[in-house]
*Asks:* 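First the structure, then my questions, so here it is.
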Amino acid sequence: MEEHCSCEGYDFQKIEAFWQAKWQQHKTFAADPITSKKRKYYVLDMFPYPSGAGLHIGHPEGYTASDILARYKRSCGFNVLHPMGWDAFGLPAEQHAILTGQAPSINTAHNIEHFREQIRRLGFAIDWDREINTTDPLYYRWTQWIFLQFFKHGLAYVDERPVWWCPELKSVLANEEVISGYSERGHHPVERKNLRQWVLRITAYADKLLESLPILDWPESTKQQQIAWIGRSEGTEIQFILKDQPDSLWVYTTRCDTIYGVSYLVLAPEHPLLPKIVPLTHRRAVEDYIAQTKRKSDLERTGLAKEKTGVFTGTYALHPLTHQYVPIWIADYVLGTYGTAAVMAVPAHDERDFEFAQKFGLDILSVIRPKHSSGHDDIATCIPFCDDGVLCHSQTFDGLDSYQARQKITEHLKTLGRGKISVHYKLHDWLFSRQRYWGEPIPILWVREEDYHRCLSLADFYFKEFLPQEAVTYNSKGITWVAIPLSSEQLPLTLPPISSYLPSDSGESPLKRAKDFCDVWLHIRTGEVQAHVKGEHRDAHWVHAHRETNTMPQWAGSCWYHLRYLSPHYDAALVDPQDLHYWASPDFYIGGAEHAVLHLLYARFWHRFLFDIGFVENPEPYPRLFHQGIILGEDGNKMSKSRGNVVNPDDIIQMYGADTLRLYEMFLGPLEAMKPWNTHGIEGSFRFLKKVWRLVLQENGSILQNFSEKDDEALAVLLHESIRKVTEDIENLRFNTAISQMMIFVNEATPARISQHSVKQLLSLLAPFAPHMAEELWCRLGESFSIVQAPWPQADPQYLYRDRIKIVIMIDGKARDEMEVALDCSQEEALALATSRKKIHSFLREKSIQRVIWVAQKLINLVLK
RNA sequence: GCCCUGGUGGCGGAAUGGUAGACGCUGAGGACUUAAAAUCCUUUGUCCGUAAGGACGUGCGGGUUCAAGUCCCGCCCUGGGCACCA
């Protein structure tokens with residue numbers, strides 16, 4: 001094989017193809033074995049969903065950033081792991097299958113080919129031997145295994161619950177996939193529907209996920225989003241006894257200091273007690289209202305036109321402290337899914353209650369006044385007053401401030417047996433099943449209750465491994481079915497081929513169509529599963545079972561992929577403990593901010609769970625996270641087909657090469673910033689690379705002969721300043737200023753002023769950004785393959801030191817002149833020098849110096865009278 | 001409404017409280033060329049001035065400081081997230 005590419009000019013296509021082939025052939029970027037004495041560095045990208053559209057211009061941004069870091073750390077002597085894979089389950093592939101009838105696996109494989117080739121052509125330093133694919137049964141075997149761990153520990157359960165159902169997609173969607181009444185993908189309207197679902201008990205981890213947030217090196221905005229999403233709120237639950245009825249109502253409030261201002265209670269239309277407590281006289285109105293609410297789309301109910309609606313239930317409750325009766329209403333501004341689905345309404349101190357009370361003519365009792373006033377005028381003018389303040393009209397609690405009052409009143413209610421401290425979260429348990437084909441099958445069988453009990457009575461039933469303490473069951477047509485897990489030897493449970501990928505109109509999974517997959521015989525002793533068992537073999541241990549046909553949501557595979565990269569071929573566990581011990585957590589994780597609460601919260605949950613059950617060593621999966629910004633279209637808008645402002649990376653590579661594309665995307669601006677693409681701008685990066693090329697080679701492609709023996713002194717200083725700056729900037733992910741520093745150096749460097757050795761140092765600095773060109777010129781200068789194995793250049797302090805330095809002379813804080821002084825120049829010397837200068841002298845003619853500010857090595861500022 | 005970002009030339013952006021506008025793009029002028037491409041040189045915040053030089057200038061209004069794009073207070077606007085969560 002050739003040492004380098006044999007083109008004369010900068011033929012980037014030839015050069016890039018040449019080096020990509022060479023890297024692949026030599027496995028240049030394979031991580032060293034874990035026996036390596038080097039320190040490790042694990043760089044992780046959020047792996048892509050291989051869509052049919054191929055790579056968009058945003059992908060190379062994050063990938064180039066992580067690649068620069070990977071290559072830089074490698075040069076610094078680290079054992080670097082930089083893997084890539086595919087998050088390949090998901091709806092688009094399924095919809096493609098519905099349209100074409102082709103199995104999603106075929107289309108997915110095809111898309112992956114395309115993605116891999118596109119990524120390869122960007123020249124990333126990836127260890128391709130570790131490529132993973134969430135749809136590979138050898139991968140999802142472990143996704144299923146983790147699910148069974150959740151099941152075993154009581155964190156996976158089934159529940160008949162209202163879910164978001166999208167008739168257009170014929171699919172159930174998670175809360176997070178619904179945006180103000182429409183599906184996130186496709187923007188179709190959604191409605192509520194009751195379906196049996198698998199749910200993961202993420203709420204059990206709410207506090208853990210909250211508590212470890214502060215120690216993470218993450219963008220502050222993402223932490224804030226997670227805090228808001230979890231939505232922890234501390235307050236009081238208060239019991240209200242109903243008038244003339246045995247039942248009582250619990251309400252939840254964070255403002256129990258306002259309890260003397262309660263003038264009515266409000267229940268959510270979904271409140272379970274409603275059918276019991278509404279008297280006949282009001283039943284009709286209440287039922288009508290409930291029906292009305294159900295018909296409302298979520299957009300109508302929570303949308304911007306929030307006109308309050310509601311009806312009186314005809315029932316009253318006893319105020320626990322004033323002992324007066326307050327009316328109970330229902331209104332859809334109280335949510336059925338939060339708190340106790342019931343609130344105490346305090347119109348004087350809550351905007352929503354105020355609006356409602358005004359509309360329906362309910363009492364407004366003011367019991368809090370602003371801290372720094374006592375006049376009645378204030379109270380009248382600032383209602384509703386929703387801040388903390390001082391209590392009034394609150395019997396023995398008058399005069400207390402809100403904070404103290406909350407504690408005292410809660411305490412008082414507790415002694416009366418009418419209240420308790422309570423914590424609620426906005427976070428709901430994670431709806432974990434989808435009625436789809438293209439996802440991980442949930443590895444559960446359903447058997448009749450009596451068969452389940454027969455199993456348990458055996459000494460050695462097969463599914464002990466994942467047996468939960470409490471059975472998971474559901475009821476259908478009078479039969480109780482019990483969930484029993486597969487064993488780990490039975491994993492992976494692979495997707496069966498099916499004839500049509502369309503879900504049924506009732507919303508059941510297309511897997512239902514695979515009869516041999518769904519209806520099976522199970523041997524309760526061995527766990528053997530067969531579609532058909534011949535009569536003569538059918539002993540008493542064979543029972544009928546049906547498989548769970550729901551599949552997991554797309555987020556499942558990405559919850560633990562950071563672990564699988566460490567030992568992608570290991571088959572005794574999800575990760576080899578030795579690999580895990582060596583590589584530990586990613587040292588750097590980069591991806592888009594759009595995953596701030598979905599992927600990043602789910603992955604933290606799974607990882608924390610794996611930590612709790614002893615399978616990983618660190619409680620948090622991603623100690624250091626970074627979001628690259630979005631690259632906008634040239635018009636400053638988000639790139640989109642409809643706007644026609646999409647830039648295709650393939651076209652850019654064709655015209656300028658991958659090195660230029662990489663360099664330009666990094667030069668555009670700060671990595672985290674949102675920045676518009678500019679077609680003219682890329683010329684600058686291209687010109688810079690051509691300049692570097694000409695710094696080494698003549699027009700005919702031979703090496704320049706007139707390199708200086710030694711660097712020009714000023715250029716040597718600039719080189720070492722550049723080494724220092726580029727190194728520092730890479731460490732701080734400030735790639736745009738690192739590039740501009742290299743430009744400054746190259747603008748100054750001419751063959752006559754620079755030594756070959758210094759050119760090579762420059763190439764080392766450039767290598768992480770434009771690896772193909774750096775590699776090519778490196779080898780043409782007679783160095784051996786590969787430049788990534790050359791050590792990172794070190795800035796020589798000898799060149800960074802200067803004995804004379806430029807300082808600024810200011811008059812009244814304005815720069816007027818500058819001069820060169822000795823490094824150790826004193827204030828007196830500087831003052832003498834400054835005042836002797838003609839220009840400064842003219843300022844001193846009419847005024848005298850009142851004060852001198854001396855900042856050593858920087859400036860002298862003369863303040864005049 | 002609440003939480004989080006950001007606001008600097010014609011454009012993308014740069015500036016540990018210390019010469020605002022580095023670097024790149026664009027524009028203008030020039031060199032090379034029969035011509036073009038490529039390359040190179042000069043210039044490019046606004047205003048006054050022939051020039052030297054001066055005044056103004058980092059969303060708006062105040063403040064702290066010898067000195068503010070940077071720190072503090074108030075406001076306006078862009079982008080992102082949440083949104084009747086009691």
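Just so it is clear: chains get the letters A, B, ... in the order the sequence lines come, proteins before strands, and each one is counted from 1.
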*Asks:* If you go through the side-chain atoms of A:K426, does one of them form a donor-acceptor pair with the base of B:C82 closer than 3.5 Å?
*Replies:*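 No such pair is found, so the answer is no.
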*Asks:* Starting at the 5' end of RNA chain B, which residue's closest nucleotide do you reach first, A:H680 or A:A228?
*Replies:*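 The answer here is A:H680.
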*Asks:* In this structure, how many angstroms lie between the C1' atom of B:U65 and the CG atom of A:D812, rounded?
*Replies:* 14 Å
*Asks:* Walk me through whether A:F735 and A:I68 qualify under side chain to side chain contact (heavy atoms under 4.5 Å, CB included).
*Replies:* CA-CA 9 Å; A:F735 302 132; A:I68 289 167; 3.5 Å; yes
*Asks:* A:I860 pairs by side-chain contact (heavy atoms from CB on, under 4.5 Å) with which of A:I853, A:L833, A:D817, A:V852?
*Replies:* A:V852
*Asks:* Using a cut-off of strictly less than 4.0 Å, decide whether A:R816 has a side-chain nitrogen or oxygen near OP1 or OP2 of B:G54.
*Replies:* yes
*Asks:* Using Watson-Crick or G-U wobble geometry with both distances under 3.5 Å, which nucleotide pairs with B:U58?
*Replies:*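 Because no pair has both required distances under 3.5 Å, B:U58 counts as unpaired.
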*Asks:* Assess, by modelled atom type and distance only, whether the side chains of A:Y289 and A:T309 contain a donor and an acceptor separated by less than 3.5 Å.
*Replies:* yes
*Asks:* Write down the partner of B:C11 under the Watson-Crick or G-U wobble criteria, each distance required to be under 3.5 Å.
*Replies:* B:G24
*Asks:* Select from A:G813 and A:Q224 the residue whose nearest nucleotide in RNA chain B is closer to the 5' end of that strand.
*Replies:* A:Q224
*Asks:* Looking at the side chain of A:K806, which of B:C23, B:U19, B:G79 is the nearest nucleotide?
*Replies:*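 Closest nucleotide to the A:K806 side chain: B:U19.
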*Asks:* Does B:G6 have a Watson-Crick or wobble mate here (both distances under 3.5 Å), and if so which one?
*Replies:*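 Checking every strand shown, B:G6 finds its partner in B:C77, with both distances under 3.5 Å.
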*Asks:* Report yes if a side-chain nitrogen or oxygen of A:K690 is closer than 4.0 Å to either non-bridging phosphate oxygen (OP1 or OP2) of B:U39; otherwise report no.
*Replies:* yes
*Asks:* Is B:G17 syn or is it anti, if syn means the base angle is within 90 degrees of 0?
*Replies:* anti
*Asks:* Considering only atom C1', compute the distance from B:U58 to B:G21 and round it to an integer number of Å.
*Replies:* 9 Å
*Asks:* Using 30° and 60° as the class limits, which term best fits the ring planes of A:F385 and A:H349: parallel, tilted or perpendicular?
*Replies:*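 Judged by the thresholds at 30° and 60°, the geometry between A:F385 and A:H349 is perpendicular.
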*Asks:* Among the nucleotides B:G18, B:G12, B:A14, which one has an atom lying closest to any side-chain atom of A:N736?
*Replies:*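 In terms of side-chain proximity for A:N736, the closest of B:G18, B:G12, B:A14 is B:A14.
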*Asks:* Given the P atoms of B:A28 and B:A37, what is the spacing between them in whole Å?
*Replies:*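 Comparing P positions in B:A28 and B:A37 gives a spacing of 13 Å.
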